[in-house]
Novice: 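I'd like to ask some things about the structure below.
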Amino acid sequence: MSEETLFELYENLKKEINYHNYRYHVLDDPIISDANYDRLLKQLREIEAKNPDWVQADSPTQRAGAAPADNFKKVVHPLPILSLANAFNEADLISWQERLIRLDERVQKVSYVVEPKLDGLTVVLHYRNGVFIQGATRGNGEIGEDITQNLRTVQAIPLQLPVNKDGPNPPPYLVVRGEVFIRIPDFEKLNQGLAERGEKTYLNPRNTAAGSLRQLDSKMVASRPLTLYAYAIVTGEGELPNTQWETLMFLKELGFPVSDYSKYCDSMETVIEETRLWAARRDQIDFEVDGVVIKINELYVANDLGFVGKDPRGAIALKFPAREEVTRLNDIGVNVGRTGVLTPYAILEPVEIGGVVVKQATLHNFDYIEEKDIRIGDQVFVKRAGDVIPYVIGPVVDERDGTEHKFAPPDVCPVCGQPSEHISGEVAWFCVNPSCPAQLVRNLEYFVSRSAMDIVGLGIKIVEQLVNEGILTDVADLYTLTLDDLLPLEGFALKKAENLLAAIEASKTRPLSRLIAALGIRGVGEVMAGELAQRYADLDQLSKVTVAELETIEGVGPNIAEAVVDWFSLPKNMELIHKFKSLGVWPVAQIKEISNEPLPLSGKVLVVTGTLEHFTRTEIQAYIKEKGGKVTNSVSNKTDFLVAGENAGSKLDKAKELGVTIISEKDLMNLTGI
Ligand code: IVH
């Protein structure tokens with residue numbers, strides 16, 4: 001290639017990368033995969049390495065990001081908010097170390113810290129005398145956006161330091177850098193709620209965090225499950241730690257969340273051992289990482305090493321292989337949810353992504369297919385990140401051969417064939433047929449599940465058969481089933497049928513809270529159902545409640561209150577209630593008089609996790625409530641105790657991280673005076 005052509009290629013590459021940077025950082029709407037982006041950047045770096053005199057300030061290698069959006073006040077960072085150079089394998093790490101030793105022989109003796117590289121958004125937090133005064137995005141590394149109000153809504157960000165009274169005195173001025181992100185289970189819960197209401201769902205946790213932080217309405221931000229890990233001190237006044245490890249410890253003592261997965265390593269060998277552990281860990285943790293960051297622990301050595309462009313020499317990101325592949329979109333299927341929402345999904349030519357064979361992926365909603373111009377027959381980028389369900393990023397437009405065809409949202413429900421409905425301005429299409437078998441199947445699945453009526457032996461296949469045969473037309477019909485209904489079904493012998501009927505019969509004695517949860521009212525899960533069953537003796541009483549009355553209950557906002565009242569206002573639901581009554585599915589709750597005497601757990605918020613020895617999950621919840629405590633589902637700063645049984649998982653990690661008191665079943669009994 002002549003020098004002229006190479007230069008032209010170089011200029012084009014720069015433009016292309018700058019455009020993708022803008023799509024990613026400003027619009028939060030990337031159109032190429034991370035892997036392809038990295039490839040372009042690598043190509044650019046290679047050209048620049050051979051032609052250093054071509055490099056100018058407009059090269060993407062010289063920038064930390066893209067220009068900030070216009071909506072927020074600008075903040076000039078006290079020091080540039082740097083980026084990181086990438087390594088892709090162990091050999092890259094070794095040559096990084098060798099390069100540094102050549103520059104400064106002290107590197108021979110340094111130690112390191114290996115930290116998760118969180119896939120979120122950098123934020124820069126300013127504290128004056130321990131008070132949170134300003135928070136900004138990274139922007140272009142020099143100037144960011146002032147998102148203080150939004151960051152104040154993130155529970156994990158301390159507003160006052162130290163958070164614990166016995167923590168160290170905060171420096172008079174402190175600027176902390178951290179990453180705002182969303183945990184995968186929180187992301188899934190958020191998307192599930194949005195989908196059920198027919199609202200637009202988010203693509204992935206990172207995109208949600210980015211979109212939320214730039215919301216102009218901070219009330220909206222508060223409803224997003226954002227969290228933070230802090231990992232650096234940008235600058236400050238007074239005495240500051242000299243090493244990265246001490247920095248993390250200091251931040252932790254001040255009350256910032258710091259990842260427990262950050263590790264001190266005394267040599268490059270231990271760094272490499274540590275990075276190898278991440279191959280398995282990546283799938284086990286409940287947040288997304290796109291690599292690990294290896295930092296020289298001795299900050300004075302790291303600082304002396306200086307920068308290359310915007311990348312400090314003293315730290316490097318070891319990027320994990322992108323879990324992204326290109327495969328053919330063979331077809332688009334449509335699912336019908338419990339609330340009738342129709343959601344499209346991709347039927348793919350099976351492809352292995354990071355050790356898992358992927359055959360289906362989410363397409364989010366019909367607008368998404370249209371916006372991204374995804375066509376059946378396209379080669380599409382598919383991404384699998386963390387434990388999130390794989391999703392289609394978009395088509396590889398270059399690979400089209402003209403045989404692809406567009407997909408239109410179905411005007412009838414794919415299951416019942418009745419016309420579907422689309423409210424203009426909203427993203428979702430709904431099947432509004434109240435007796436659509438697909439909705440009934442989902443309702444039944446939920447009704448019999450462990451956290452609802454707990455009917456063992458009624459799997460999805462049986463449910464589908466019973467609905468398709470017309471034997472079940474609503475959930476209450478379960479209680480009319482006979483041996484004659486079950487025996488002709490595929491795979492049913494006498495014993496199995498008898499066991500199932502016995503299980504259904506036994507479920508009639510479940511407490512009222514279970515039946516309320518089983519109804520599947522939006523926002524009314526196990527905990528909320530328990531609250532309702534403490535105040536209303538049966539479904540008749542609950543069906544007469546008003547929004548205003550419900551809103552007086554702690555934890556019930558207008559959305560849940562309206563969902564409950566709406567549910568009971570539908571004639572078909574009232575019919576269902578009457579049917580339950582006539583079939584003897586009619587639990588009655590004991591309404592306790594609220595006593596004035598303080599109970600042992602009054603005012604305390606508890607979370608339960610793991611397998612317990614003496615209680616079932618429902619029993620312990622009832623017990624805690626009886627003793628005046630409140631049970632919630634997730635650990636937060638408001639949690640007083642985590643009751644942990646055997647095999648406790650991520651809730652235990654979170655509790656440790658937040659410094660929540662962890663107690664055993666026995667401790668709980670001691671506390672409550674048994
Ligand atoms: S250190 C000089 N540590 O990765 C300090 N960055 O590609 C440079 N990131 O913009 C950053 N987790 O948003 C650092 N533990 C961590 C990180 C981390 C995620 C992000 C950060 C940065 C990007 C660099």
Side-chain angles (χ1 to χ4, degrees), residues 21 24-25 28 34 37-38 41-42 45 60-61 63-66 68 77-88 92 96 100 112-125 135-142 144 175-182 205-207 209-210 213 226-235 243-245 247-248 251-252 256-265 271 274-275 278 281-282 285 287-320 322 385-386:
N21 266 341
Y24 185 84
H25 290 285
D28 292 319
D34 292 358
Y37 176 83
D38 285 344
L41 204 59
K42 192 164 171 244
R45 283 190 203 286
T61 61
R63 293 156 57 93
H77 296 306
L79 279 179
I81 300 304
L82 301 169
S83 181
L84 285 173
N86 289 333
F88 296 95
D92 289 349
W96 170 63
L100 297 187
Y112 300 87
V113 176
V114 177
E115 300 174 13
K117 184 169 183 313
L118 304 146
D119 200 7
L121 245 90
T122 293
V123 289
V124 182
L125 310 168
T137 62
R138 169 166 150 211
N140 63 7
E142 311 272 339
V175 183
V176 172
R177 177 169 176 177
E179 199 86 352
V180 167
F181 65 101
I182 295 182
R206 187 193 181 279
N207 165 284
L213 279 185
L226 298 167
T227 188
L228 166 112
Y229 276 138
Y231 54 72
I233 293 178
V234 177
T235 182
T243 66
Q244 174 61 12
W245 188 247
T247 302
L248 295 180
L251 289 172
K252 198 165 173 171
F256 289 94
V258 170
S259 169
D260 280 342
Y261 290 110
S262 293
K263 286 280 150 20
Y264 167 83
C265 295
V271 165
E274 177 61 23
T275 62
W278 277 95
R281 192 181 281 159
R282 189 181 178 191
I285 54 177
F287 54 91
E288 273 187 28
V289 288
D290 56 355
V292 286
V293 185
I294 296 118
K295 301 178 179 175
I296 289 190
N297 187 34
E298 290 74 8
L299 294 176
Y300 41 94
V301 177
N303 290 339
D304 286 352
L305 285 165
F307 327 100
V308 187
K310 293 271 171 134
D311 304 334
R313 285 203 180 86
I316 196 162
L318 173 66
K319 296 272 275 198
F320 294 149

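For clarity, every value in this text was computed on a predicted model and none was experimentally measured. Whatever order the structure lists them in is the order used to number ligands and atoms, beginning at 1.
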Novice: Which part of Glu115 is near ligand 1, with near meaning a heavy atom under 4.0 Å away: side chain, backbone, both or neither?
Specialist: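 Answer for Glu115: side chain.
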Novice: If we check side chain to side chain contact (heavy atoms under 4.5 Å, CB included) with Tyr231, which of these qualifies: Val258, Thr247, Val293, Thr122?
Specialist: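 Among Val258, Thr247, Val293, Thr122, the one meeting side chain to side chain contact (heavy atoms under 4.5 Å, CB included) with Tyr231 is Thr122.
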Novice: Under 3.5 Å, is there a donor on one side chain and an acceptor on the other for Glu298 and Thr243?
Specialist: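 No, no side-chain donor-acceptor contact under 3.5 Å.
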Novice: Describe, in one word, how the ring planes of Tyr229 and Phe287 are oriented to each other, choosing from parallel (under 30°), tilted (30 to 60°) and perpendicular (over 60°).
Specialist: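 Correct class here is perpendicular.
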Novice: Among all protein heavy atoms, pick the one closest to atom 17 (C) of ligand 1 and tell me residue, atom and distance.
Specialist: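 In this structure, atom 17 (C) of ligand 1 has Tyr231 CE2, 3.6 Å as its nearest protein heavy atom.
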Novice: Taking only heavy atoms of Pro312, which atoms of ligand 1 are found under 4.0 Å from at least one of them?
Specialist: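 Those qualifying, in numeric order: 2 (C).
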Novice: Using side chain to side chain donor-acceptor pair (under 3.5 Å), reason through Tyr261 and Glu115 one step at a time and then give a plain yes or no.
Specialist: CA-CA 7 Å; Tyr261 290 110; Glu115 300 174 13; over 6 Å; no
Novice: When you measure from atom 13 (O) of ligand 1 to every protein heavy atom, which one gives the shortest distance, and what is it?
Specialist: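 Ranked first by proximity to atom 13 (O) of ligand 1 is Thr122 OG1, 2.4 Å.
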Novice: Considering only heavy atoms from C-beta outward, does the side chain of Ile233 approach that of Thr235 to under 4.5 Å?
Specialist: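 Side chain of Ile233 against side chain of Thr235, heavy atoms only: no contact under 4.5 Å found.
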Novice: Is there a polar contact, in the sense of an N or O pair closer than 3.5 Å, between Ser83 and ligand 1?
Specialist: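 No; every N/O pair is 3.5 Å or more apart.
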Novice: Provide the closest heavy-atom pair for Leu305 versus Gly314 in the form atom of the first, atom of the second, distance.
Specialist: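 Shortest heavy-atom separation between Leu305 and Gly314 comes out as CD1-CA, 4.2 Å.
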Novice: Which residue supplies the protein heavy atom nearest to atom 5 (C) of ligand 1, what is that atom called, and how far is it?
Specialist: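 Answer, as residue, atom name and distance: Arg177 NH1, 3.8 Å.
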Novice: Can you name the nearest heavy-atom pair linking Lys319 to Asp38, along with the distance?
Specialist: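 Taking Lys319 first and Asp38 second, the nearest heavy atoms are CE-OD2, 3.7 Å.
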Novice: Considering heavy atoms of the protein only, find what lies nearest to atom 3 (N) of ligand 1 and give residue, atom and distance to 0.1 Å.
Specialist: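 Among all protein heavy atoms, the one nearest atom 3 (N) of ligand 1 is Lys295 NZ, 2.9 Å.
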Novice: Show the atoms of ligand 1 that are less than 4.0 angstrom away from any heavy atom in Arg138.
Specialist: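 It comes down to these atoms of ligand 1: 10 (O), 22 (C).
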Novice: Return a yes/no value for Leu118: is any of its N or O atoms, backbone included, closer than 3.5 angstrom to an N or O of ligand 1?
Specialist: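 Indeed, backbone or side chain, Leu118 has an N or O that close.
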Novice: Does Pro116, backbone or side chain, put an N or O under 3.5 Å from an N or O of ligand 1?
Specialist: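 Right, the criterion is met.
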Novice: Counting non-hydrogen protein atoms only, what is the nearest one to atom 4 (O) of ligand 1? Give residue, atom name and distance.
Specialist: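 I find the closest protein heavy atom is Lys117 NZ, 3.1 Å.
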